[in-house]
Structures are given as C-alpha cells and as structure tokens.
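Everything below concerns the one structure shown next.
Since this is a predicted model, take the numbers as computed values, not measurements.
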Amino acid sequence: MTARQAVVTDIDGARRARAAAKRRGERSVSERTSPASGEPATPTVKGSAPASPRPSLVGLPFERDSYAATALGDVLDRSVHAATARFTSGLSPAALAEAYMDWAIHLAAAPGKQVLLLQKALKKTARFARYAADCAISDQPSGHCIEPLAQDRRFDGEAWQQWPFNIVHQAFLLNQQWWHNATTGVRGVTARHENLVQFMARQLLDVFSPTNFLPTNPEVLKKTAEEGGANLLRGLVNMGEDLDRVAGGKRPIGADAFVPGRNVAITPGKVVYRNRLIELIQYAPATQRVRPEPMLIVPAWIMKYYILDLSERNSLIRYLTGQGYTVFAISWKNPGLEDRELGMDDYRSLGVMAALDAISAIVPRRKIHATGYCLGGTLLSIAAAAMSRDGDERLATVSFFAAQTDFKEAGELTLFVNESQLTFLEDMMWEQGFLDSTQMAGAFQTLRSNDLVWSRIVHEYLMGERRPMTDLMAWNADATRMPYRMHSEYLRRLFLNNDLAEGRFQVGGRAVALTDIRPPIFAVGTEQDHVAPWRSAYKVHLLTDTTVTFVLTGGGHNAGIVSEPGHRGRAYRVMTQPSDAPYVDPDSWVAAAEKKDGSWWPEWIGWLGLHSGAPVNPPPMGAPGAGYKPLADAPGTYVMQA
C-alpha cells in the first residue's frame with residue numbers, strides 16, 4: 001500500500017464513520033434542536049426573556065475538522081517515523097531520549113550518588129595506577145585489578161596478559177565497570193529506563209573495545225606481522241564482498257551453498273495441504289511400524305521451518321521418523337505486502353487449526369502430539385488453551401521448545417517494548433506492510449553484539465579469515481518477514497500487555513486461560529537464550545495445571561534445540577512436576593533436577609513413548625478422498641520464497 005493509497009483509505013474510513021454516525025442519529029452541537037420547536041436550542045436565564053439566537057461558528061466549513069487534513073496529518077506522522085527508522089534501525093529516538101532524560105534528571109538531583117561515583121573513579125584510578133606500576137616492575141604482575149565477566153571471553157588470550165596490552169584491556173574494563181555503576185542504582189529511575197540506559201551504555205562502550213582496533217589488539221598485530229599485512233588485504237576484500245551483498249540484498253558468502261531440498265531440508269515427504277499461509281508437510285515413514293499418534297511441529301513464523309530439518313546428521317525431523325513417529329510440519333509462507341492484514345488469529349486458524357484438521361483427516365481417530373518452537377510454541381499454547389476450553393480433545397501431549405507464555409521477563413528484548421517504541425515500529429511496518437527480515441536480524445544481533453557483530457568484524461576484517469559457513473548459519477541468514485497486523489498484535493497483546501499470561505487474550509470473542517490445558521507438557525529451555533530466557537520459559541509451571549516435564553539444556557536459542565545425539569559438550573537437567581505438586585522456583589529446580597550428559601532428544605523420545613500407543617502400520621501419505629492429496633515433494637514451495 002502506497003502512502004497515497006493509505007491517505008485515500010483513511011479519508012474513506014472517516015467518511016464512512018461520519019455517515020454511520022448520522023444514520024444512528026448522532027449530530028453535532030450545532031445540529032441539536034429544541035424538543036418543542038425543532039429549532040436550535042438557545043440558552044435562557046430564569047426570569048428573563050429568551051436570548052436571541054447568536055450566530056455560531058461551529059459547523060462552518062472553515063471551523064470543522066477536515067477529514068482529509070486529519071488523515072493526511074496521520075499519514076505525514078507515520079511517514080516521518082518510517083523515514084527516521086531507516087537511520088535508527090527501527091529504534092525510537094523518543095523512547096531512548098525518555099530513558100536518558102529520566103536517568104540524567106535523577107542523577108543530577110542525587111548529589112550523594114555523584115559523590116559515590118567520584119569516589120569510585122578515584123579508587124579505580126588508584127587501583128589502576130598500582131597495577132600499572134606493578135606491571136612496570138615485574139613481567140608477571142600478581143593478578144589483575146579487575147576480572148572480566150564470566151561470559152566475556154575477549155581478553156582470554158595469552159597475548160592480552162603481556163605489557164602493554166594488559167594495561168589497555170584493564171583500563172577498558174575499569175571504565176566499563178564505572179559506567180555500569182553510573183547507569184544503575186540511581187534512585188527514582190524506573191527499572192525499564194535504567195535497564196535501557198545500562199544496555200545502551202554497554203553497546204556504546206563495546207564499540208571502543210581494544211579488541212576492535214589494530215593498534216590495541218595484540219592478536220591482530222601478531223597476525224599482521226607474520227603475514228606482512230596480507231590479512232588486512234583479505235579483510236578489505238571480505239568487507240567489500242559483504243557490503244556488495246548487503247546492498248544487493250544477497251545472502252552472506254557461503255550461504256548459497258545450502259539449498260532446501262538439496263543439502264538441507266532433505267527428509268523425504270510430501271506437501272499434503274496448502275492455504276494462503278501454510279504448507280503442511282507429511283514425512284515418509286522410516287520404520288516398518290509407527291506409533292499410532294501422529295506429531296505436528298509448529299515452528300516460529302519468524303524462521304524457515306527447516307531449522308528442525310537441517311543436514312542428515314542434525315535433523316530433528318529425521319530423528320523422529322527414525323524413532324517410529326509419523327511427523328507433520330508446518331512451513332509458513334513468507335508474507336508480502338498483500339498479507340499486511342493477517343493477524344494473530346489468522347495464524348492460529350489458518351496455521352495450527354488447519355494443520356490439525358488435515359492431520360485428523362489423514363490419521364483419523366488418533367490423538368496428536370503437538371510441538372511448538374519459539375513463537376510457534378506461544379501460538380500452540382493459545383490454540384491448545386482454546387481447544388481445551390471448547391472441549392476439543394485431539395491433543396495427546398504438548399511440547400514447547402524455547403517458547404514463552406509469560407512475557408513480563410522476556411529478556412533484553414523487553415527493553416524495546418514500550419508505547420513509544422511500538423508506535424514507531426508500527427509506523428515503519430505500516431509503510432512497507434511487514435517487518436523485514438534484515439530489520440529483525442539487526443535487533444537480535446544487537447542483543448549479542450560481542451558475539452555476533454564485533455567478533456565477526458575482528459575475525460573476518462582484521463584477521464582476514466572467513467569463518468566456514470555451516471548449515472545452521474546458512475539457515476539463520478534465510479529469515480522471513482512478518483505481516484504488519486500480526487506483528488503489531490503480537491507485540492502489543494503479548495509483549496507489552498502480557499494478555500496471555502494474565503487471562504485477557506481472546507480467541508473467538510472469549511478469553512483463554514493456559515490453566516485449561518490438560519495434556520501433559522514437555523518444555524525445553526536453553527541456558528544462553530537471549531530471545532526466550534529459560535527462566536521465562538520456566539513460567540509454564542506457574543501458568544498451567546497439568547504435569548510438566550522441564551528440561552534445561554546448554555547452548556542458545558537455536559544451538560540448544562539443534563542438539564543431536566553425539567553433539568560434543570552437551571548436557572541437560574530434567575525434572576517432572578506433577579499437576580498437584582508444590583511450586584518449585586527456578587533456582588531450587590536447578591539444584592534438585594537430575595543432570596545428564598549428552599543430547600536431550602532421547603529424553604524427549606522416552607517421554608513421548610510413555611504417552612504413545614503400541615506401534616501400528618504407517619498411515620497413507622495424504623488423504624485424497626478427504627481433500628488432502630499430495631501436492632508436491634518436501635520441502636515444498638513456501639520455504640523457497642525469498
């Protein structure tokens with residue numbers, strides 16, 4: 001929709017509203033009449049003659065609001081916000097300014113905090129001076145004056161412990177710590193604003209980390225000396241290639257080698273159903289006998305589904321078929337401008353419910369194991385709650401992978417979810433009709449800038465070494481868009497208002513409650529998840545009244561889920577809480593849960609087996625007689641959409 005079309009739409013809407021109001025008998029002040037005469041009523045004073053009617057300017061053309069001007073003003077505001085968003089990567093300047101003003105005003109009115117910060121600065125300066133003197137006297141100074149955080153691995157190398165680079169990185173860490181003290185603990189600042197200011201301060205400081213510059217990075221200096229600067233030339237070439245690909249909207253170097261249906265997403269199957277939003281893939285059986293209960297996988301629509309069907313060695317879908325399960329998976333369409341009005345309920349009805357209807361026709365009279373990953377898990381929880389409320393008992397079990405149902409503590413993403421930011425984001429989506437995949441990728445990279453941005457710049461541009469592309473990295477570069485209406489509803493109703501957890505989210509005109517879910521739940525959280533923190537995913541214990549088996553595994557949002565048997569260094573904790581058991585808080589759960597080495601996939605298979613029947617003959621591929629004939633080979637057509 002162009003800006004001109006949007007103006008026309010808004011004007012037409014205003015005219016229709018005005019006509020509807022007139023049909024209802026609603027009139028402006030200037031149109032109201034006295035009940036006796038039908039003439040415009042005039043004010044009177046008791047004991048005096050009626051005042052003569054005075055001419056009123058209300059209702060005259062130059063005094064009435066112009067519907068066209070109102071709509072045009074709205075379009076102008078939205079267009080300015082959308083244009084600004086191109087330079088701010090979707091961040092609202094007003095939201096950032098509000099947070100900084102809150103912090104700065106309260107800090108200015110806190111002389112005690114100022115004195116404390118001055119005292120800390122003097123102490124850190126003295127400590128640094130002693131450390132620098134110790135380094136000048138001895139080649140092996142006793143300890144550091146400050147240790148990096150446990151997750152900060154930038155200065156672990158031996159070269160960083162040698163003079164003068166030990167001095168450089170210690171000064172940086174001391175400065176970083178002081179700014180943490182300055183941006184936290186200021187009385188009166190709201191928690192959201194404090195977290196945002198602290199986060200932005202950390203992001204700005206990371207830009208100036210000594211690891212990011214040739215003269216202050218001993219590892220890059222060594223590499224440059226050994227290769228005579230060839231690494232910098234390679235890095236320059238790498239940078240040029242990357243800039244060219246970004247400008248051309250192309251995928252990163254090496255990602256084109258991974259093509260769905262050729263070397264990823266290669267598990268055999270058929271597309272047995274298609275609508276405007278999904279393709280439903282039924283996978284071919286890999287065993288002579290299968291469990292009678294089929295399985296539906298609901299991936300997030302922010303990603304291509306084949307995160308769960310990567311290479312043969314790490315495909316969860318292939319693993320499931322090899323364990324004797326009949327697997328169905330949703331492949332979401334990559335929405336375009338024409339899909340701007342698709343909402344959350346469309347994703348539920350055209351996605352989850354349409355898929356369940358198809359599976360019930362192909363494998364009749366069988367309950368279904370339903371699994372949701374990330375946003376797909378959130379959507380599945382809504383669908384499962386509505387089904388239980390309405391007496392639909394088709395689900396045998398429900399599994400959630402890195403999925404949230406309560407968004408009050410949804411990690412650092414919540415820093416950017418407030419009225420100002422959402423309005424700004426909505427205006428950006430309003431202009432283009434969707435949220436682009438590159439805009440989403442930039443937001444997620446910001447949360448882990450050290451790992452996803454600066455370390456890559458150092459490695460590929462300063463060291464001149466391309467990291468080999470993997471199937472998971474290639475998939476990560478194959479993201480999808482999100483429709484304007486759906487993403488706005490998702491952010492407002494779930495992230496901002498937390499309607500699902502607090503019982504206000506409506507399906508079919510009535511609120512749903514997660515406490516209505518009756519099938520047993522298997523939920524997985526990952527320790528380093530920056531998108532769906534495991535403590536947030538753990539809240540499924542608080543929100544449901546059924547038996548919950550919770551697994552906490554190593555890795556992040558994606559790598560922790562794609563954790564096939566044989567994956568080195570993997571371990572997990574698991575514990576089942578019956579529906580009538582007392583609540584256990586996350587810290588107590590970690591202390592009590594059994595720790596096991598290896599992949600959590602076999603644990604899940606064992607749990608599914610407890611809720612499945614004895615093996616039977618595999619069902620047919622599709623059900624042509626019921627309108628679900630095979631339409632194409634897996635992975636289908638929607639996954640190919642760029």
Side-chain angles (χ1 to χ4, degrees), residues 86-89 148-149 151-173 175-176 200 202-259 436-479 528 530 556 558-559 642:
R86 297 191 186 99
F87 296 96
T88 65
S89 299
L149 298 175
Q151 66 270 22
D152 189 351
R153 317 292 295 180
R154 289 174 292 182
F155 309 111
D156 284 355
E158 182 62 30
W160 288 102
Q161 316 313 317
Q162 306 301 317
W163 190 89
F165 304 106
N166 52 359
I167 300 292
V168 171
H169 91 264
Q170 288 287 285
F172 172 78
L173 291 176
N175 187 45
Q176 186 180 56
M200 295 305 298
R202 189 169 69 247
Q203 297 299 313
L204 290 172
L205 286 170
D206 285 343
V207 173
F208 300 101
S209 170
T211 55
N212 300 339
F213 303 96
L214 172 64
T216 54
N217 189 322
E219 295 166 340
V220 175
L221 286 173
K222 180 181 178 182
K223 183 84 169 178
T224 304
E226 290 175 348
E227 298 192 12
N231 57 309
L232 299 179
L233 291 177
R234 291 196 306 272
L236 192 60
V237 172
N238 292 343
M239 182 184 295
E241 290 175 340
D242 290 346
L243 291 175
D244 177 66
R245 285 182 169 267
V246 170
K250 302 175 184 177
R251 299 174 69 192
I253 291 287
D256 294 334
F258 295 88
V259 180
D436 190 69
S437 59
T438 57
Q439 295 163 333
M440 289 184 289
F444 288 125
Q445 287 180 347
T446 300
L447 299 180
R448 297 178 57 200
S449 59
N450 278 340
D451 296 332
L452 301 180
V453 179
W454 299 116
S455 65
R456 176 174 173 267
I457 288 175
V458 171
H459 197 80
E460 298 194 1
Y461 301 160
L462 295 182
M463 303 291 279
E465 299 175 352
R466 281 285 190 196
R467 292 178 176 174
M469 183 63 63
T470 65
D471 51 9
L472 186 58
M473 292 168 61
W475 164 85
N476 196 51
D478 193 16
Q528 286 85 44
H530 292 263
N558 297 322

Requested in this report: Please report the closest heavy-atom contact between Pro252 and Met469, naming both atoms and the distance.
Outcome: CB-CE, 4.1 Å
Query raised in the report: How far apart are the closest heavy atoms of Pro215 and Leu221, and which atoms are they?
Result: O-CD1, 3.6 Å
Taking C-beta and beyond as the side chain, do [X] and [Y] meet within less than 4.5 Å on heavy atoms?
{"X": "Glu465", "Y": "Asn238", "result": "no"}
{"X": "Pro218", "Y": "Gln162", "result": "no"}
{"X": "Asp206", "Y": "Asn212", "result": "no"}
{"X": "Leu232", "Y": "Tyr461", "result": "no"}
{"X": "Phe213", "Y": "Val220", "result": "no"}
{"X": "Leu173", "Y": "Phe155", "result": "yes"}
{"X": "Arg154", "Y": "Phe172", "result": "yes"}

Looking at [X] and [Y], does any basic side-chain N land under 4.0 Å from a carboxylate oxygen?
{"X": "Arg245", "Y": "Asp242", "value": "no"}
{"X": "Arg466", "Y": "Glu241", "value": "yes"}
{"X": "Glu227", "Y": "Arg234", "value": "yes"}

Supply the atom-to-atom distance [X] [atom1] to [Y] [atom2], rounded to the nearest 0.5 angstrom.
{"X": "Thr211", "Y": "Leu462", "atom1": "OG1", "atom2": "CG", "answer": "9.0 Å"}
{"X": "Met463", "Y": "Ile457", "atom1": "CE", "atom2": "CD1", "answer": "14.5 Å"}
{"X": "Phe208", "Y": "Asn175", "atom1": "CZ", "atom2": "CG", "answer": "11.0 Å"}
{"X": "Glu226", "Y": "Asn231", "atom1": "CD", "atom2": "CG", "answer": "9.5 Å"}

Query raised in the report: Counting distance only, does the side-chain N/O of Asp471 pair as donor-acceptor with the main-chain N or O of Phe258 below 3.5 Å?
Result: no
Requested in this report: Using modelled atom types only, decide if a donor and an acceptor are shared between the side chain of His459 and the backbone of Ser455 within a distance under 3.5 Å.
Outcome: no
Requested in this report: With sequence neighbours excluded, tell me which residues meet side chain to side chain contact (heavy atoms under 4.5 Å, CB included) with Glu219.
Outcome: Ala159, Trp160, Asn217
